[in-house]
A.B. asks: 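I have a structure I would like to understand better, so I am pasting it below and will then ask my questions one at a time.
To find a chain, count down the sequence lines: A is the first, B the second, and so on, and within it residues start at 1.
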Amino acid sequence: MPTTMTWSDYGAESTYRPARPTRPTYVPPHLRNNGVFVPNESNQPGIRTAQLGRTGASRGRGRGHGRGGGRGWFNQTERWSPNQSNAPFDISSKFDELEVDHDDEANTVSGSINFEAYEDIPVQASGSDIPPPVSSFAEIDLGEGLNRNIKRCNYVRPTPIQRYAIPIAMAGRDLMACAQTGSGKTAAFCFPIICGILNRNHHSRPGQLACPLSLILSPTRELTCQIHEEARKFSSQTGVKIVVAYGGAPISRQLQNLERGVDILVATPGRLVDMIERERVSLRMVKYLALDEADRMLDMGFEPQIRKIVEQMDMPPSGARQTMFFSATFPNEIQRLASDFLSNYIFLAVGRVGSSTDLIAQRVEFVQDTDKRHHLMNLLQGQRENGTHGKFALTLIFVETKRGADALERWLSMNGFPAISIHGDKVQMERERALNSFKNGTTPILVATDVASRGLDVPHVAHVINFDMPKDIDDYVHRIGRTGRAGKSGLATAFFSDKNLPLAKALVELMQEANQEVPHWLRNSAERASTIASGGHARRFGGSKFGGYDFRRDAYSESENNYYSSTYGNTDPNVDSYAASSYALSHPAAAAACANSYASGWC
DNA sequence: AAAAAAG
């Protein structure tokens with residue numbers, strides 16, 4: 001009874017794409033090398049296949065293709081503003097109008113969104129009784145109000161993550177989902193939450209103690225704001241009340257908003273705990289819990305706070321609420337922690353777009369720490385000369401420390417490159433001002449710590465420079481994912497110094513998987529580094545370190561002598577299905593049979 | 001050792 005399915009997904013099937021004859025099917029890193037992905041599965045009734053996908057492409061040609069046509073995946077152009085003006089979106093739409101004429105690359109794709117980039121997106125789902133995906137919003141009964149807002153946002157078709165995650169979430173299932181931010185993740189968990197709240201016909205009561213029906217957590221203040229902005233658009237005029245709570249801003253105003261009633265609370269952990277301890281928020285009514293950038297939320301720094309919120313306050317236990325985790329990377333270790341909060345969940349991995357794909361050209365240069373500034377200056381001057389700098393080509397520079405960010409900002413500004421910095425030692429006002437001034441091109445260079453590495457959606461980041469490399473390859477994935485968004489191409493340059501040797505192996509693997517050219521010196525250092533490091537903590541995360549695949553497979557394969565066997569023991573129906581599917585999928589013929597039996601309802 | 005998140 002296979003409950004693991006692998007699809008070749010053609011999310012862009014109704015948009016014209018130029019032929020790409022010799023290119024192999026793209027498989028994102030987190031789905032490779034795990035013996036699960038079946039690239040050219042073509043015998044799956046009811047499931048879109050490689051051939052069917054192409055047929056779909058011609059079928060859809062009648063519907064607006066070419067320049068500006070076929071928007072609606074995630075509309076970057078015609079942003080809809082609710083009642084009040086919405087600065088970032090207005091700016092972004094101006095950018096897009098202008099960009100079509102400025103950006104040479106716009107000529108090579110249809111319109112401002114590179115739909116070709118969404119071709120061949122593999123999807124992997126595991127768990128029991130997986131609801132099938134949909135190919136349009138109309139197939140799901142989201143309700144009148146929500147449909148109206150989806151239309152107003154100019155979302156024509158669901159993105160891959162939405163096509164798979166929304167039916168799962170609508171079925172009330174817990175979910176662990178790997179997908180790149182910027183691929184429509186926020187909507188993927190907001191739509192079902194809003195819909196569920198509307199269906200409950202629940203009316204939030206104003207009062208001193210706020211009892212939201214839904215809680216959405218994220219690791220940074222800026223990301224929390226961004227989610228709030230989006231969620232507000234989706235829920236406009238539906239009566240669903242959304243309140244945001246984060247640190248660094250006066251709590252009084254946030255408390256006032258809470259008093260007026262709240263259905264969905266979007267928050268950072270610290271401020272939320274504060275509010276709960278003041279007895280202004282109770283989680284006892286929470287029916288929907290969503291964590292964005294979930295792997296970060298459960299890493300060493302955050303885990304105690306999350307446990308406190310989810311397990312030690314008054315939130316209903318897993319099973320009595322619906323829990324959804326989203327992230328672009330999901331190491332096995334963190335999946336294990338996350339599974340504490342989930343109940344009979346479905347694991348979903350949707351091919352990433354934008355991060356560590358061939359959409360982002362990754363360059364690595366060996367630069368000693370003392371030469372970095374000089375090297376950066378050359379790079380920026382080169383950019384300026386060939387015009388890839390300025391309002392339409394923003395440059396995001398990541399550094400290791402907050403002090404380093406300030407210092408580099410000053411130095412760049414003094415040397416004729418208007419720059420601004422963002423980091424956690426700045427007061428919230430400064431952080432927001434910096435981000436806006438970067439977004440609208442006033443200062444086309446932003447120097448940032450990891451505060452800006454995750455989730456932030458800044459259009460027009462053409463170049464991400466890792467001035468200092470991160471310690472963790474996952475952080476690298478998130479950082480470079482700030483460019484190459486919405487299917488556009490981007491450039492990522494890393495300054496690799498001898499201090500970064502421990503990262504060499506993981507970096508080489510990542511670059512190879514993304515079809516990037518790996519410099520010889522880097523390959524050599526990787527080999528040397530691996531012989532040194534291979535004895536120690538080896539591979540913390542098992543098979544594929546990037547992105548993730550369902551760690552429960554590992555749990556099964558090791559179940560002879562592994563403590564997971566008590567959780568996922570032989571009595572668990574899940575385990576049989578893992579056994580069946582991992583067998584099936586490692587044997588192509590059996591895989592097809594397996595998929596057939598699923599589709600015809602045998603299992 | 002650093003960054004983020006409460007003040």
Side-chain angles (χ1 to χ4, degrees), chain A residues 181 215-228 243-255 258 265-281 283 291-310 312-313 327-329 334 337 369 372 396-409 421-432 434-435 446-456 464 466-479 481-482 495 497-503:
Chain A
T181 313
L215 177 63
I216 299 173
L217 294 172
S218 97
T220 66
R221 296 166 183 172
E222 284 76 13
L223 184 54
T224 290
C225 289
Q226 185 180 299
I227 294 168
H228 173 241
V243 176
V244 69
Y246 57 91
I251 197 170
S252 53
R253 204 190 162 103
Q254 292 170 7
L255 288 174
L258 281 174
L265 180 57
V266 189
T268 49
R271 178 54 63 89
L272 176 66
V273 169
D274 188 4
M275 287 174 160
I276 295 172
E277 282 170 350
R278 293 177 190 223
E279 297 190 39
R280 301 300 299 275
V281 170
L283 302 178
L291 276 82
D292 204 359
E293 305 299 338
D295 61 336
R296 165 66 97 236
M297 303 294 281
L298 292 174
D299 81 4
M300 293 203 322
F302 268 121
E303 192 202 341
Q305 280 184 81
I306 300 301
R307 285 201 184 273
K308 186 171 183 180
I309 291 168
V310 180
Q312 289 153 35
M313 300 295 194
S327 184
T329 53
I334 307 285
L337 290 178
D369 288 344
K372 280 181 176 175
L396 178 52
I397 305 175
F398 282 104
V399 296
E400 192 62 27
T401 64
K402 296 181 271 202
R403 273 184 54 199
D406 282 332
L408 192 57
E409 174 201 353
S421 72
I422 186 168
H423 59 70
D425 270 358
K426 289 198 164 187
V427 296
Q428 194 55 24
M429 280 273 278
E430 290 176 303
R431 282 167 60 160
E432 277 160 29
L435 193 57
L446 180 69
V447 185
T449 61
D450 271 324
V451 70
S453 66
R454 282 171 176 257
L456 289 190
V464 169
N466 275 295
F467 187 88
D468 300 318
M469 285 293 273
K471 295 283 174 290
D472 190 328
I473 192 71
D474 284 343
D475 287 327
Y476 176 82
V477 169
H478 284 276
R479 285 180 177 187
R482 298 313 99 209
F495 291 1
S497 80
D498 49 10
K499 285 186 190 141
N500 305 126
L501 220 61
L503 200 65

A.B. asks: Rounded to the nearest Å, what distance is computed from the CZ atom of residue A:F302 to the P atom of nucleotide B:dA2?
C.D. replies: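 It works out to 18 Å between those atoms.
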
A.B. asks: Between A:R431 and B:dA5, is there a side-chain N or O to OP1/OP2 distance below 4.0 Å?
C.D. replies: yes

A.B. asks: Output yes when at least one side-chain N/O atom of A:R296 is less than 4.0 Å from OP1 or OP2 of B:dA4, else no.
C.D. replies: no

A.B. asks: How many whole angstroms separate atom CZ of A:R307 from atom P of B:dA5?
C.D. replies: 21 Å

A.B. asks: OP1 or OP2 of B:dA6 versus the side-chain N and O atoms of A:T268: is any pair under 4.0 Å?
C.D. replies: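 Yes.
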
A.B. asks: Would one find a side-chain N or O of A:T449 under 4.0 angstrom from OP1 or OP2 of B:dA4?
C.D. replies: yes

A.B. asks: Which whole-number value in Å describes the distance from A:N500 CG to B:dA2 P?
C.D. replies: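 For the pair A:N500 CG and B:dA2 P, the rounded distance is 16 Å.
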
A.B. asks: Regarding A:R296 and A:D299, does a basic nitrogen lie under 4.0 Å from an acidic carboxylate oxygen?
C.D. replies: yes

A.B. asks: What residues form a side chain to side chain contact (heavy atoms under 4.5 Å, CB included) with A:E277, not counting sequence neighbours?
C.D. replies: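 For A:E277, the residues satisfying side chain to side chain contact (heavy atoms under 4.5 Å, CB included) (neighbours in sequence not counted) are A:V273, A:K308.
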
A.B. asks: Salt bridge check, A:D472 against A:R479: does any charged N sit closer than 4.0 Å to a carboxylate O?
C.D. replies: no

A.B. asks: For the residue pair A:Q428 / A:E432, report whether a side-chain donor-acceptor contact shorter than 3.5 Å exists.
C.D. replies: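 Indeed, the side chains of A:E432 and A:Q428 share at least one donor-acceptor pair under 3.5 Å.
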
A.B. asks: For A:E303 and B:dA3, give me the distance from atom CD to atom P, rounded to whole Å.
C.D. replies: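 In whole Å, B:dA3 P and A:E303 CD are 22 Å from each other.
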
A.B. asks: So A:G301, base contact, sugar-phosphate only, or nothing? Heavy-atom distance under 4.0 Å.
C.D. replies: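 Base contact - A:G301 has a heavy atom under 4.0 Å of at least one base atom.
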
A.B. asks: Using atom CD of A:E400 as one end and atom P of B:dA4 as the other, report the distance to the nearest whole Å.
C.D. replies: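 These atoms are roughly 11 Å apart.
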
A.B. asks: Report the distance from atom CG of A:D295 to atom P of B:dA3, rounded to the nearest whole Å.
C.D. replies: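 It works out to 19 Å between those atoms.
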
A.B. asks: What nucleotide among B:dA4, B:dA2, B:dA6 has an atom nearest to a side-chain atom of A:E277?
C.D. replies: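 Among the listed nucleotides, the one closest to the side chain of A:E277 is B:dA6.
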
A.B. asks: In whole angstrom, give the distance that lies between atom CG of A:D450 and atom P of B:dA5.
C.D. replies: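 One finds 12 Å between P of B:dA5 and CG of A:D450, rounded.
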
A.B. asks: Tell me the interatomic distance from A:D406, atom CG, to B:dA3, atom P, rounded to whole angstroms.
C.D. replies: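 Result: 11 Å.
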
A.B. asks: Counting just side-chain N and O atoms, does A:K402 come under 4.0 Å of either OP1 or OP2 of B:dA4?
C.D. replies: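 Indeed, a polar side-chain atom of A:K402 lies that close.
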
A.B. asks: The criterion is side-chain hydrogen bond (donor to acceptor under 3.5 Å, both in side chains); which residues satisfy it with A:K426, sequence neighbours excluded?
C.D. replies: A:S421

